[in-house]
J.: 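Encoded as structure tokens, here's the structure I'll be asking about.
Per chain, numbering begins at 1; letters A, B, ... match sequence-line order. In this text, all values refer to a predicted model and were calculated from it rather than measured experimentally. Below, each value reflects all heavy atoms present in this structure, side chains not excepted, and no hydrogens, waters or symmetry copies.
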Protein chains: 2
Amino acid sequence: MTQNETPDIIVSRLPVYLRALRHMHAQGKHNTSSQELGEWVGVSAAQIRKDLSQFGEFGKQGTGYKIDFLIGKLSEILNIERVWDVAVVGVGDMGHAIARYQGFRDRGFRVAMLFDNDPAKIGETIGSFTVRDGAGMISAIQEAGIQIAMLCVPAAVAQAVANQLVQSGVKAILNYAPISLTVPAGVRVQYLDPSIGLQRMTYYLE
Amino acid sequence: MTQNETPDIIVSRLPVYLRALRHMHAQGKHNTSSQELGEWVGVSAAQIRKDLSQFGEFGKQGTGYKIDFLIGKLSEILNIERVWDVAVVGVGDMGHAIARYQGFRDRGFRVAMLFDNDPAKIGETIGSFTVRDGAGMISAIQEAGIQIAMLCVPAAVAQAVANQLVQSGVKAILNYAPISLTVPAGVRVQYLDPSIGLQRMTYYLE
DNA sequence: TAGATTGTTAATCGATTAACAATC
DNA sequence: TAGATTGTTAATCGATTAACAATC
């Protein structure tokens, strides 16, 4: 009796569609087609239509999609009509950059807490936040009910910190540390290791 | 007469295998199996063996894989036995963090040049490099023969800068800007937009 | 030798594409 | 109306898994 088991590979394309649609919207466009959107994001028109059809009928024959309507639908589907609080763990260069990143605004996220274990960093102010002691992380995240964390600690401690995050109730980890994490079912990880990205391309270089 | 057309999806897993193997190596392990490696990276043992078999026979029945040997082979395949010079374009918070990132060392990459258009930043020293004027970017990259760039500029100018990079002869772009890029065939892009990563997970959150 | 684990083949599973009736 | 483009079905294509002979 499993209902609409949407493949993860489809879900993973939706944010890309949404980003493109918002770009079009910002350019003053009002309508688009699966053809045009597909060209923009590098996906076939058929796939765009197939992907969207998993969730409903959002277009009109002959005229395509109304951009602001589709933006709204995708935002609903992706569960980002609300704002998600995010904890940043590890305030080295990368954590610093993320804490100050303005791009989360309007995309459904807000950096709400920063943690580090380095006494030299605890108490430091970054943006509008003060770096907290990692020792209090588990209870702080738990009390705030935060479900999303960005992991910017060194690889050597990343698994240990991830375990603490899981213990805190975190269900989604954006991992900048260059290491594979093992987490229980029900917790998701997305990897953003720049070296992996580069090595995926050097294969094709001369 | 097309020979070994290795699927990109296989290539994209190799850096993850390599990262895990180096982790094991650093822990003092000498041997592993497709089973153990698969558990570590979250992939089936059969898939690991299938993937590797695209490139040769690297293991031994009964005993599995010698870690340092396999690291060498994967490094060869991924074309990272040499060191690749990388240009960082845009030295905001993110570009700054990347320029100072130590993780490229030992993974086949070296940040070789930094560019920005902001007069306030040009001339600034980051790590062991001086930020150069973006006006001279095309010729500088061309002359140095750099094929890889990390794009850390605002979304609004990312496509224009990407065009310049292509003109400079860059064949691989690691894109931190939150926008889909259009590039000619023969040029590759990897995306590292943190919001996309987060939105791929919120779908599953309550 | 017996046990373990590879590399590979065949079977399964899932994703993408092509095509088109429906309809705006 | 005629042209355009959707949503969907069926066909194709490709990737993953299961299984096992080979062999260390």
Side-chain angles (χ1 to χ4, degrees), chain A residues 2-18 20-21 24 29-74 76-77 200 203, chain B residues 2-18 20-21 24 29-74 76-77 200 203:
Chain A
T2 48
Q3 349 112 278
N4 68 325
E5 190 64 38
T6 302
D8 187 61
I9 196 164
I10 292 181
V11 173
S12 76
R13 281 190 292 257
L14 300 185
V16 180
Y17 299 166
L18 177 57
L21 289 163
M24 290 175 182
K29 282 179 65 71
H30 293 111
N31 297 282
T32 189
S33 63
S34 57
Q35 176 72 30
E36 185 182 50
L37 179 57
E39 274 166 23
W40 186 261
V41 301
V43 151
S44 76
Q47 183 154 84
I48 301 260
R49 296 200 302 277
K50 194 91 200 297
D51 286 353
L52 295 178
S53 74
Q54 279 277 328
F55 306 98
E57 309 192 355
F58 304 137
K60 274 202 173 60
Q61 286 98 328
T63 60
Y65 302 91
K66 212 157 166 300
I67 289 174
D68 57 1
F69 176 77
L70 192 49
I71 288 173
K73 284 298 179 183
L74 287 176
E76 272 177 37
I77 294 164
R200 282 174 174 164
Y203 174 84
Chain B
T2 48
Q3 347 112 279
N4 66 326
E5 192 64 36
T6 302
D8 187 62
I9 196 166
I10 292 183
V11 173
S12 76
R13 281 190 292 258
L14 300 185
V16 180
Y17 300 166
L18 177 57
L21 289 163
M24 291 176 181
K29 283 180 63 71
H30 293 111
N31 298 282
T32 190
S33 63
S34 56
Q35 176 72 31
E36 185 182 50
L37 179 56
E39 274 167 22
W40 186 259
V41 301
V43 151
S44 76
Q47 183 153 84
I48 300 259
R49 297 201 301 278
K50 194 91 200 298
D51 286 354
L52 296 178
S53 74
Q54 280 277 328
F55 305 98
E57 308 193 357
F58 304 138
K60 275 203 175 57
Q61 286 98 328
T63 60
Y65 302 91
K66 213 162 164 298
I67 290 174
D68 56 2
F69 176 77
L70 191 50
I71 287 173
K73 284 298 179 184
L74 288 177
E76 272 176 38
I77 293 164
R200 282 175 175 162
Y203 174 84

J.: Output the rounded distance in Å from CD (A:Q35) to C1' (C:dA18).
T.: 14 Å

J.: In the structure I gave you, are the side-chain heavy atoms of A:P7 and A:Q54 within less than 4.5 Å of one another anywhere?
T.: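 Heavy-atom side-chain distance check passes, below 4.5 Å.
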
J.: Any side-chain N or O of A:S44 below 4.0 angstrom from OP1/OP2 of C:dT16?
T.: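 So the side-chain polar atoms of A:S44 never come under 4.0 Å of the phosphate oxygens OP1 or OP2 of C:dT16.
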
J.: Taking all non-hydrogen atoms of both residues, which atom of B:S12 and which atom of A:R200 are closest, and how far apart?
T.: O-NE, 2.8 Å

J.: Rounded off to whole Å, could you give me the CD-to-P distance for the B:E5 and D:dC13 pair?
T.: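 Atom CD in B:E5 sits about 15 Å away from atom P in D:dC13.
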
J.: Rounded to whole Å, how long is the line connecting atom CD of B:Q47 with atom C1' of C:dG14?
T.: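 For the pair B:Q47 CD and C:dG14 C1', the rounded distance is 13 Å.
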
J.: In whole Å, what is the span from the CG atom of B:L52 to the P atom of C:dG7?
T.: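 B:L52 atom CG is separated from C:dG7 atom P by 7 Å.
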
J.: Show the nearest heavy-atom pair for residues B:L37 and B:T32, with the distance to one decimal.
T.: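 Result for this residue pair: N-OG1, 3.8 Å.
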
J.: Could you identify which residues of residues 58-74 of chain A place a heavy atom less than 4.0 Å from some atom of DNA chain C, listed by residue number, or say none?
T.: A:K60, A:Q61, A:G62

J.: Start at the 5' end of DNA chain D and walk down; is the nucleotide closest to A:R49 or to B:R49 reached first?
T.: A:R49

J.: List the atom of A:A20, the atom of A:V41, and the distance in Å for their closest heavy-atom pair.
T.: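 Nearest heavy atoms, A:A20 then A:V41: CB-CG1, 3.5 Å.
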
J.: Any salt bridge linking A:E57 with A:R49? Criterion: basic side-chain nitrogen under 4.0 Å from a carboxylate oxygen.
T.: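 Looking at A:R49 together with A:E57, the answer is no, because their closest N to O distance does not fall below 4.0 Å.
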
J.: What is the separation between atom CD on B:Q54 and atom C1' on C:dT9, rounded to the nearest whole Å?
T.: 14 Å

J.: So which nucleotide does D:dA22 pair with, by the Watson-Crick or G-U wobble rule with both distances under 3.5 Å?
T.: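 The base-pairing partner of D:dA22, which may sit in any strand shown, is C:dT5.
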
J.: Within this structure, what is the CD1-to-P distance between B:I48 and C:dT6, rounded to whole angstrom?
T.: 10 Å

J.: Counting side-chain heavy atoms from CB outward, which of C:dT17, C:dA15, C:dT6 is closest to A:K50?
T.: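 Nearest to the side chain of A:K50 among the choices is C:dT17.
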
J.: Choosing from D:dT6, C:dA15, D:dA18, which nucleotide comes nearest the side chain of A:I9?
T.: C:dA15

J.: Surrounding NZ of A:K29 (heavy atoms of other residues, nucleotides or ligands, distance under 6.0 Å), is the total greater than 12?
T.: yes

J.: Can you tell which of C:dT16, C:dT8, D:dT8 lies closest to the side chain of A:R13?
T.: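 Of the candidates, C:dT16 comes closest.
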
J.: Rounded to the Å, how far apart are B:D51 CG and D:dT16 P?
T.: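 In whole Å, D:dT16 P lies 7 Å from B:D51 CG.
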
J.: Whole Å only: how far is the CD atom of B:E57 from the C1' atom of C:dT8?
T.: 9 Å

J.: Which nucleotide, if any, forms a Watson-Crick or G-U wobble pair with D:dC13, using both distances under 3.5 Å?
T.: C:dG14

J.: For B:Y203 and A:I77, which heavy atoms make the closest approach, and how far apart are they?
T.: CD1-O, 3.3 Å

